[in-house]
> 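One structure, as structure tokens, below. Some questions next.
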Amino acid sequence: MTILRTYARLWADDLDEALPLLEELTGEQPHLRTAFEEIALAAIGNFLVIAGPAEERARYAHASATVVVDDLSALQATLERADATVTTPETAGPTGRFLYARHADGAEIEYVEWTPELVRGIIRP
């Protein structure tokens, strides 16, 4: 299992209002923009902007980072060996499969296995 990318999570009420400053700071345009339920997401540089109503964002606020991996099944085996607890089981989303896990030290992370198309387009263009 390999970590392909790690994103710091940023929270915003409105995605379109949050992006101009990040575009200026990173010198990039968003390389991913999608929606999940009532949340709008954009990845720009090493940031994942999570926007939408505060009550909807709160459902995802327990994780401190989003980590893209190449093999979610292998990751789960690693997490088990390290006494981590899966707090949200594997679920399908707009970018692939994901789960949330709390490490033995208390850190909670969202792990995502992107679709092959996203990996080819963003990680290995």
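When a residue number appears, it is its place in the shown sequence, counting from 1.
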> Which residues satisfy the salt bridge (Lys or Arg N to Asp or Glu O under 4.0 Å) test with Glu55, sequence neighbours excluded?
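With sequence neighbours excluded, Glu55 shows a salt bridge (Lys or Arg N to Asp or Glu O under 4.0 Å) to no residue whatsoever.
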> Please work out whether the ring planes of Phe36 and Tyr60 are parallel, tilted or perpendicular, with thresholds of 30° and 60°.
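Rings of Phe36 and Tyr60: perpendicular, over 60°.
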> Quick one: salt bridge (Lys or Arg N to Asp or Glu O under 4.0 Å) pairs with a partner in residues 38-49, sequence neighbours left out?
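Found none.
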> So which atom in Ala104 and which in Ala82 form the shortest heavy-atom distance, rounded to 0.1 Å?
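Closest heavy-atom pair between Ala104 and Ala82: CB-O, 3.8 Å.
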> Does Asp70 pair with Arg124 as a salt bridge, N-O distance under 4.0 Å?
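No, Asp70 and Arg124 are not salt-bridged.
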> Hey, is the main chain of Glu28 close enough, under 3.5 Å, to the side chain of Glu23 for a donor-acceptor pair?
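Not a single qualifying donor-acceptor pair exists.
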> Do Val68 and Leu32 share a hydrophobic cluster (ILVMFWY, side-chain heavy atoms under 4.5 Å, transitive)?
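Same hydrophobic cluster.
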> Can you confirm whether Val49 sits close enough to Leu15 that some side-chain heavy atom of one is under 4.5 Å from a side-chain heavy atom of the other?
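The answer is yes; the side chains approach within 4.5 Å.
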> Taking all atoms of both residues into account, what is the closest heavy-atom pair of Pro94 and Ala35, and its distance?
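Nearest pair, atom of Pro94 first, then Ala35: CG-O, 3.4 Å.
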> Between Leu4 and Leu41, is there shared hydrophobic-cluster membership here, with clusters defined by ILVMFWY side-chain heavy atoms closer than 4.5 Å?
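Yes, Leu4 connects to Leu41 through the hydrophobic network.
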> Of all the heavy-atom pairs spanning Ala63 and Trp11, show the shortest one and how long it is.
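Shortest heavy-atom contact: O-CZ2, 4.4 Å.
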> Which pairs, with at least one residue in residues 90-109 and sequence neighbours excluded, count as a salt bridge (Lys or Arg N to Asp or Glu O under 4.0 Å)?
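Passing the test, one end in residues 90-109: Glu90-Arg97, Arg97-Glu113, Arg102-Glu108.
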> What pairs with Tyr100 under ring-ring contact (aromatic ring centres under 6.0 Å, His included), at least two apart in sequence or on another chain?
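Testing Tyr100 for ring-ring contact (aromatic ring centres under 6.0 Å, His included), a comparison that skips the adjacent residues, returns His62.
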> My understanding is that only residues two or more places apart in sequence, or in another chain, count here; which of them pass side chain to side chain contact (heavy atoms under 4.5 Å, CB included) with Ala74?
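Ala74 satisfies side chain to side chain contact (heavy atoms under 4.5 Å, CB included) with Met1, Asp71 once adjacent residues are dropped.
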> Any link between Ile109 and Leu99 through a network of hydrophobic side chains (Ile, Leu, Val, Met, Phe, Trp, Tyr) touching at under 4.5 Å?
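Per the 4.5 Å side-chain linkage, Ile109 and Leu99 are co-clustered.
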> Mind checking what makes side-chain hydrogen bond (donor to acceptor under 3.5 Å, both in side chains) contact with Glu24, not counting sequence neighbours?
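By the side-chain hydrogen bond (donor to acceptor under 3.5 Å, both in side chains) rule, Glu24 matches no residue at all.
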